[in-house]
> 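Structure below; questions to follow.
Chain letters run A, B, ... following the sequence lines, proteins first and then strands; every chain starts at 1. Worth saying up front: this structure is predicted, and the values here are computed from it rather than measured.
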Protein chains: 2
Amino acid sequence: MLISQTAEYALRAIVSLAERHGQSVVTQDLARRTRIPAGYLSKILQTLRRAGLVHSQRGLRGGFVLQRAPDKISVLEVIDAIEPIRRMTRCPLDLPEHASGLCPLHRRLDEAIGQVRNTFASFSIADLLDESRRGVSRGLCDTVAAPAR
Amino acid sequence: MLISQTAEYALRAIVSLAERHGQSVVTQDLARRTRIPAGYLSKILQTLRRAGLVHSQRGLRGGFVLQRAPDKISVLEVIDAIEPIRRMTRCPLDLPEHASGLCPLHRRLDEAIGQVRNTFASFSIADLLDESRRGVSRGLCDTVAAPAR
DNA sequence: AGACAATCGGACATGATCATGATATTTTCT
DNA sequence: AGAAAATATCATGATCATGTCCGATTGTCT
């Protein structure tokens with residue numbers, strides 16, 4: 001599916017946080033809106049925190065907030081925080097002969113990787129939200145799903 | 001890594017078969033040249049056979065051959081035979097409200113998927129070989145690795 | 001200040017899928 | 001018949017997606 005389930009979850013979570021940027025959002029609430037299993041989402045949020053994308057606050061009135069404004073976070077950053085889409089620096093069949101340069105096959109694959117990296121780097125979380133404000137649909141599939149509690 | 005290990009193996013195998021198109025190549029030989037664990041390669045070849053990309057022949061003088069000419073097989077076909085990169089037809093958070101149309105996030109992801117599908121569909125196995133004949137490097141990283149046996 | 005409750009943060013456990021190995025079984029050429 | 005192959009089956013360790021628990025913080029209320 002191009003990106004892993006986990007990376008897709010991470011994007012959902014970040015988008016949902018961006019929709020309420022500034023407010024502190026609790027894991028349970030996020031889980032409900034994004035339809036991500038709460039226990040798993042918790043782990044994903046930890047990863048995003050370590051990557052410096054979100055800030056967490058414990059205790060009462062705690063929760064998560066984005067570290068940066070939605071227009072300062074690219075989709076690529078979120079994906080890379082979870083499962084880096086690495087470029088191919090060297091050929092998987094590592095033969096001594098070609099330490100320089102990849103073979104045609106892997107050169108093509110690397111180009112494709114570079115292409116999707118560029119695509120994902122080219123738009124931000126905010127881009128995913130702006131559209132929503134222009135009518136049609138909300139950031140996360142019109143997900144309003146049972147207001148918190 | 002964009003495509004799975006298995007899909008990458010499948011590409012290596014197909015490229016290696018293409019390099020000797022017409023000849024019947026044995027699994028062990030393929031495994032040596034492509035550096036793919038023989039037991040696993042065997043399973044991949046089964047999948048490729050069921051997908052109609054290669055033809056197999058049992059018994060003495062048996063082995064595998066491409067079903068079609070290298071220029072008639074796209075990289076995408078090989079990948080799809082192993083692990084289909086599906087378009088997103090519907091939003092993963094399947095809420096009734098939006099049976100039509102994806103939300104911005106998933107629309108973008110779907111576009112990215114479409115993009116890589118197009119990229120991979122746009123060139124053939126032969127394209128990976130032609131370059132090799134023009135000097136520089138061979139189809140599979142100059143892999144000549146210990147001639148059969 | 002102290003108790004309490006809401007939250008995150010980590011540790012451990014599990015089923016599924018992936019990548020792989022080992023082995024037996026069938027087919028087919030010579 | 002015998003050997004060389006593919007094909008099929010079973011087993012394993014690693015990683016992924018997930019669940020469960022408990023411990024560590026921290027705001028709020030007496």
> Measure the distance from CD on A:Gln57 to P on D:dT28 and round it to the nearest whole Å.
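Atom CD in A:Gln57 sits about 11 Å away from atom P in D:dT28.
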
> Which distance, rounded to the nearest 0.5 Å, do you find between the CD of A:Glu19 and the CG of A:Leu128?
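Answer for the CD-CG pair, A:Glu19 versus A:Leu128, is 10.0 Å.
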
> For A:Glu8, is there an ion pair with A:Arg12 - N to carboxylate O distance below 4.0 angstrom?
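The answer is yes: the pair qualifies as a salt bridge.
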
> Please report the closest heavy-atom contact between A:Ala18 and A:Ile125, naming both atoms and the distance.
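Here A:Ala18 and A:Ile125 meet closest at CB-CG2, 3.6 Å.
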
> Under the side-chain hydrogen bond (donor to acceptor under 3.5 Å, both in side chains) rule, collect the residues that match up with A:Thr27, sequence neighbours excluded.
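With neighbours one apart ignored, the set is empty.
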
> Using the C1' atoms of five pairs at each end, what's the angle between the two axes of the helix from C:dA1-D:dT30 to C:dT30-D:dA1, to 10 degrees?
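Rounded value for the end-axis angle: 0°.
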
> Could you pull out all donor-acceptor pairs under 3.5 Å where a side-chain atom in residues 60-72 of chain A meets a protein atom, sequence neighbours excluded?
{"residue": "A:Arg68", "atom": "NH1", "partner": "A:Lys72", "partner atom": "O", "Å": "3.0"}
{"residue": "A:Arg68", "atom": "NH1", "partner": "A:Glu77", "partner atom": "OE1", "Å": "3.4"}
{"residue": "A:Arg68", "atom": "NH1", "partner": "A:Glu77", "partner atom": "OE2", "Å": "3.0"}
{"residue": "A:Arg68", "atom": "NH2", "partner": "A:Glu77", "partner atom": "OE2", "Å": "2.9"}

> Report the residues that fulfil side-chain contact (heavy atoms from CB on, under 4.5 Å) with A:Ala38, sequence neighbours left out, ordered by chain and then residue number.
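Counting only residues at least two positions away or on another chain, A:Ala38 forms a side-chain contact (heavy atoms from CB on, under 4.5 Å) with A:Gln28, A:Ala31.
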
> Measure CD1/A:Ile44 against P/C:dC8 and give the value in whole Å, please.
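Nearest whole value for this atom pair: 14 Å.
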
> Separation of B:Gln46 atom CD from D:dC10 atom P, in whole Å?
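Those two atoms, CD and P, are 16 Å apart.
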
> Without decimals, in angstroms, what is the distance between B:Arg61 CZ and D:dA3 C1'?
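To the nearest whole Å, that distance equals 12 Å.
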
> Write down the protein N/O and nucleotide N/O pairs, taken from nucleotides 24-27 of chain C, whose separation is under 3.5 Å; answer none if there are no such pairs.
{"residue": "C:dT26", "atom": "O2", "partner": "B:Arg58", "partner atom": "NH1", "Å": "3.3"}
{"residue": "C:dT27", "atom": "O4'", "partner": "B:Arg58", "partner atom": "NH1", "Å": "2.6"}

> Atom CZ of residue position A:Arg86 - does it have more than 12 heavy atoms of other residues, nucleotides or ligands inside 6.0 Å?
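No, because the 6.0 Å sphere around CZ of A:Arg86 holds 12 heavy atoms or fewer from other groups.
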
> Walk along nucleotides 12-20 of chain D from 5' to 3' and tag each nucleotide B, S or - by protein heavy-atom contact under 4.0 Å, base first, then sugar-phosphate.
-----BBBB

> Whole angstrom is fine here: how far is it from CZ in A:Phe64 over to C1' in C:dA6?
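For the pair A:Phe64 CZ and C:dA6 C1', the rounded distance is 13 Å.
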
> Taking the side chain of B:Ser42 as heavy atoms from C-beta outward, which of D:dT7, C:dT30, C:dG9 is closest to it?
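In terms of side-chain proximity for B:Ser42, the closest of D:dT7, C:dT30, C:dG9 is D:dT7.
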
> Kindly say if B:Gln28 contacts the phosphate of D:dA4, meaning a side-chain N or O under 4.0 Å from OP1 or OP2.
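False: B:Gln28 side-chain N/O out of range (4.0 Å or more) of D:dA4 OP1/OP2.
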
> Give the rounded distance in Å between these two atoms: CG of B:Leu30 and C1' of D:dA4.
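Rounded to whole Å, this separation is 16 Å.
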
> Looking only at side chains, do B:Ser16 and B:Arg20 share a donor and an acceptor under 3.5 Å apart?
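Looking only at side-chain atoms, B:Arg20 and B:Ser16 do form a donor-acceptor pair, the distance falling under 3.5 Å.
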
> What's the CZ-P distance between A:Arg49 and C:dT7, to the nearest Å?
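So the two atoms are 18 Å apart, to the nearest Å.
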
> Could you check whether any side-chain heavy atom of B:Tyr9 comes within less than 4.5 Å of a side-chain heavy atom of B:Leu45, counting everything from C-beta outward?
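They are not in contact (no side-chain heavy atoms under 4.5 Å apart), so the answer is no.
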
> Under 4.0 Å between a side-chain N/O of A:Ser56 and OP1 or OP2 of C:dG9, yes or no?
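True: A:Ser56 side-chain N/O within range (under 4.0 Å) of C:dG9 OP1/OP2.
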
> Output, in order, the C-alpha distance, side-chain angles, deciding distance and verdict of side-chain contact (heavy atoms from CB on, under 4.5 Å) for B:Ile3 and B:Ile82.
CA-CA 10 Å; B:Ile3 63 173; B:Ile82 302 298; over 6 Å; no

> Any donor and acceptor pair, going by atom type alone, linking the side chain of B:Asp127 with main-chain N or O of B:Ser124 inside 3.5 Å?
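Checking the backbone N and O of B:Ser124 against the side chain of B:Asp127, a donor-acceptor pair under 3.5 Å is found.
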
